[in-house]
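Since the structure comes first, as structure tokens, the remarks are kept for the end.
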Number of protein chains: 2
Amino acid sequence: MALEHAILVSLDERSGSGYELARRFDRSIGFFWAATHQQIYRTLKRMVELGWVSVDEVAQDGRPDKKVYDITPAGHEELRRWVAEPSEPETFRHDLSVKVRGASLGDAAVLADEVARHRDLHGERLDAYRAVEKKDFPDPSALSGRQLHQYLVLRGGVRAEQALVEWCDEVLAALRQDDSREDRR
Amino acid sequence: MALEHAILVSLDERSGSGYELARRFDRSIGFFWAATHQQIYRTLKRMVELGWVSVDEVAQDGRPDKKVYDITPAGHEELRRWVAEPSEPETFRHDLSVKVRGASLGDAAVLADEVARHRDLHGERLDAYRAVEKKDFPDPSALSGRQLHQYLVLRGGVRAEQALVEWCDEVLAALRQDDSREDRR
DNA sequence: CTTTACATGTAAGCGGTTACATGATTCT
DNA sequence: AGAATCATGTAACCGCTTACATGTAAAG
């Protein structure tokens with residue numbers, strides 16, 4: 001389980017409230033680790049108990065009070081330990097692949113539409129990642145340390161989305177060709 | 001949740017026992033949907049209750065009795081319904097990316113070794129997928145129907161593993177260059 | 001006046017992971 | 001003799017998803 005560690009990485013970059021963390025997970029961190037606000041609140045609570053993070057309750061006027069979390073030395077130590085620890089690749093779970101494999105039962109045209117929709121979604125993500133790449137990392141060869149690591153993870157996102165877009169295109173082309181071949185029979 | 005539907009897809013191709021299904025999930029189906037035998041047994045039980053599959057208890061000599069499951073018309077209908085239903089892309093959870101992003105705290109060389117290990121693992125999977133591709137689908141342009149769908153899913157696996165191998169290589173090169181640059185300081 | 005942003009939580013339920021349990025046969 | 005294959009299950013735990021709950025302030 002890496003949610004705790006993803007939170008530690010995020011807090012190591014900047015301290016913040018549960019709400020703020022949830023927003024970071026919607027953006028940058030969420031590119032490679034998804035989490036909802038409920039999950040984050042619960043996990044932060046546990047992490048306080050473990051001594052990995054500290055809380056500071058901040059009163060605000062005009063806005064609800066917030067709890068600002070910060071990484072502790074014990075949290076740093078845990079993160080270092082976990083990063084050094086070997087881990088297995090995540091197991092794949094790809095809905096759309098299951099559907100493609102089950103396509104023979106149903107309407108191929110309906111599935112093609114769904115694949116096209118996914119291609120567009122992944123295309124949008126790809127464009128967004130590339131925009132960040134261009135804006136925040138214009139000269140990759142000059143990067144080092146933390147910035148380099150952030151860039152490399154972004155590159156992973158770019159590669160993953162690119163692969164998905166290309167796969168969707170391949171599936172679409174094949175499904176359409178198969179469909180037209182069927183018509184000729 | 002697609003485990004039930006992944007099982008339906010598998011049973012639609014050939015009926016089988018829970019044990020047999022678990023083995024299929026270790027192989028072909030597992031390329032895009034992982035599941036353990038416990039999960040499969042529990043899910044099959046539920047699917048019988050739902051009327052999506054039927055059971056046939058088969059006595060064997062020299063081996064334990066087995067329960068052979070088969071897809072029912074209701075199961076077919078459910079699978080067709082589910083394939084036609086739109087679904088959102090899976091949320092990413094990529095351990096290694098979190099570790100790369102947390103790399104600045106620890107030993108970069110240790111992480112590099114771990115990335116190298118993952119590159120090799122993905123390289124092995126890639127080779128295995130390509131071997132299946134070559135052996136089972138020597139002439140992709142001639143494929144149609146179910147065979148084509150199987151091939152397309154395999155292509156997704158090839159693309160995904162290829163992207164991961166290339167990303168690991170990119171990370172490795174960058175980490176090593178950054179490391180040597182640090183030494184010069 | 002409605003939506004979005006800010007801000008945090010409880011509760012129920014479900015799915016997935018891991019450990020444990022059993023027992024015969026076949027292969028090394 | 002020990003490991004792997006065949007074959008199915010129970011139990012405990014944990015994490016994740018979804019629904020529900022509350023309330024202010026700013027922006028459209």
Side-chain angles (χ1 to χ4, degrees), chain A residues 1-8 15-27 29-30 32-50 52-53 55-69 82 87-95 98, chain B residues 1-8 15-27 29-30 32-50 52-53 55-69 82 87-95 98:
Chain A
M1 224 283 298
L3 176 56
E4 291 141 358
H5 301 101
I7 289 176
L8 287 177
S15 60
S17 67
Y19 185 84
E20 248 179 298
L21 281 165
R23 272 175 50 238
R24 287 187 216 167
F25 272 80
D26 284 342
R27 301 197 226 295
I29 314 274
F32 53 92
W33 203 275
T36 61
H37 78 273
Q38 292 87 343
Q39 237 179 302
I40 289 168
Y41 285 128
R42 215 162 9 93
T43 305
L44 280 169
K45 211 175 187 176
R46 204 191 323 145
M47 289 168 79
V48 172
E49 284 163 30
L50 287 163
W52 295 353
V53 297
V55 206
D56 186 27
E57 268 182 76
V58 178
Q60 302 183 115
D61 42 57
R63 282 181 189 177
D65 295 356
K66 65 176 175 181
K67 295 181 184 173
V68 176
Y69 294 89
W82 177 78
S87 60
E88 293 317 298
E90 307 286 324
T91 50
F92 270 91
R93 298 224 162 146
H94 200 235
D95 239 64
V98 181
Chain B
M1 226 284 297
L3 175 57
E4 290 142 357
H5 302 100
I7 290 176
L8 287 177
S15 60
S17 67
Y19 185 84
E20 248 179 298
L21 280 164
R23 272 176 50 238
R24 286 187 217 168
F25 271 80
D26 284 342
R27 301 198 225 295
I29 315 274
F32 53 92
W33 204 275
T36 61
H37 77 274
Q38 293 86 344
Q39 238 178 302
I40 290 167
Y41 284 128
R42 216 166 3 98
T43 305
L44 280 170
K45 210 175 187 178
R46 205 191 322 145
M47 289 168 79
V48 172
E49 284 163 28
L50 286 163
W52 295 351
V53 296
V55 206
D56 187 26
E57 267 180 79
V58 177
Q60 301 181 114
D61 41 57
R63 283 182 188 176
D65 295 358
K66 64 176 178 181
K67 296 180 184 173
V68 176
Y69 293 89
W82 177 79
S87 59
E88 292 319 297
E90 307 286 323
T91 52
F92 270 90
R93 299 225 161 147
H94 199 237
D95 240 64
V98 180

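Each chain gets a letter, A, B and so on, in the order the sequences are listed, and its residues count up from 1.
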Item to complete: Check whether any side-chain heavy atom of B/Asp95 sits under 4.5 Å from a side-chain heavy atom of A/His5, and report yes or no.
Response: no
Worksheet item: Rounded to whole angstroms, how far apart are NE2 on B/His37 and P on D/dA11?
Response: 15 Å
Item to complete: Find the distance B/Gln39:CD to D/dC14:P and express it as a whole number of Å.
Response: 18 Å
Worksheet item: Among the nucleotides D/dA7, D/dT17, C/dA7, which one has an atom lying closest to any side-chain atom of A/Lys66?
Response: C/dA7
Fill in: N or O in side chain of B/Gln38 less than 4.0 angstrom from D/dT10 OP1/OP2
no
Worksheet item: CZ/A/Phe25 to OG1/A/Thr36 distance, rounded to the nearest 0.5 angstrom?
Response: 10.5 Å
Discussion item. Nearest whole Å is fine: how far is D/dG15 C1' from A/Ile7 CD1?
Written reply: 13 Å
Practice prompt. Tell me whether the OP1 or OP2 atom of D/dT8 has a side-chain N or O from B/Tyr41 closer than 4.0 Å.
Written response: yes
Fill in: Distance, rounded to the nearest Å, where A/Glu4 contributes CD and D/dC16 contributes P
8 Å
Discussion item. How many whole angstroms separate atom CG of B/Asp65 from atom C1' of D/dC6?
Written reply: 12 Å
Discussion item. Would you say A/Lys67 places a side-chain N or O within less than 4.0 Å of OP1 or OP2 belonging to C/dG9?
Written reply: yes
Response to the item:
From CZ of B/Arg93 across to C1' of C/dT17 the rounded distance in Å is 15 Å
Worksheet item: What is the distance from CE of A/Met47 to P of D/dC14, rounded to the nearest Å?
Response: 17 Å
Item to complete: Mind checking the CD-CZ spacing from A/Glu20 to A/Arg23? Nearest 0.5 Å is all I need.
Response: 6.5 Å
Worksheet item: Within this structure, what is the CD-to-P distance between B/Glu90 and D/dT17, rounded to whole angstrom?
Response: 11 Å
Response to the item:
Heavy atoms of A/Ala59 and A/Asp65 approach each other most closely as CA-OD1, 3.5 Å
Worksheet item: Hey, does the side-chain of B/Arg42 have a donor or acceptor N/O within less than 3.5 Å of a partner on the base of C/dG16?
Response: yes
Worksheet item: Just one of A/Ile7, A/Val48, A/Asp56 clears the side chain to side chain contact (heavy atoms under 4.5 Å, CB included) bar with A/Tyr69, so which one?
Response: A/Val48
Practice prompt. Tell me whether the OP1 or OP2 atom of C/dT10 has a side-chain N or O from A/Lys45 closer than 4.0 Å.
Written response: yes
Worksheet item: Can A/Glu4 and A/Trp52 be said to form a side chain to side chain contact (heavy atoms under 4.5 Å, CB included), step by step?
Response: CA-CA 9 Å; A/Glu4 291 141 358; A/Trp52 295 353; 4.0 Å; yes
Worksheet item: Between B/Tyr69 and A/Trp33, who's closer to the 5' end of DNA chain D by nearest nucleotide?
Response: B/Tyr69
Practice prompt. Specify the residues of residues 15-26 of chain B, ordered by number, for which at least one heavy atom lies under 4.0 angstrom from an atom of DNA chain C.
Written response: none
Worksheet item: When you match B/Thr91 and B/Val68 each to their closest nucleotide on DNA chain D, which lands nearer the 5' end?
Response: B/Val68
Discussion item. Run the side chain to side chain contact (heavy atoms under 4.5 Å, CB included) test on B/Val53 and B/Leu8 for me, step by step, so that the C-alpha distance in whole Å, both residues' side-chain angles and the decisive distance to 0.1 Å come before the verdict.
Written reply: CA-CA 8 Å; B/Val53 296; B/Leu8 287 177; 4.2 Å; yes
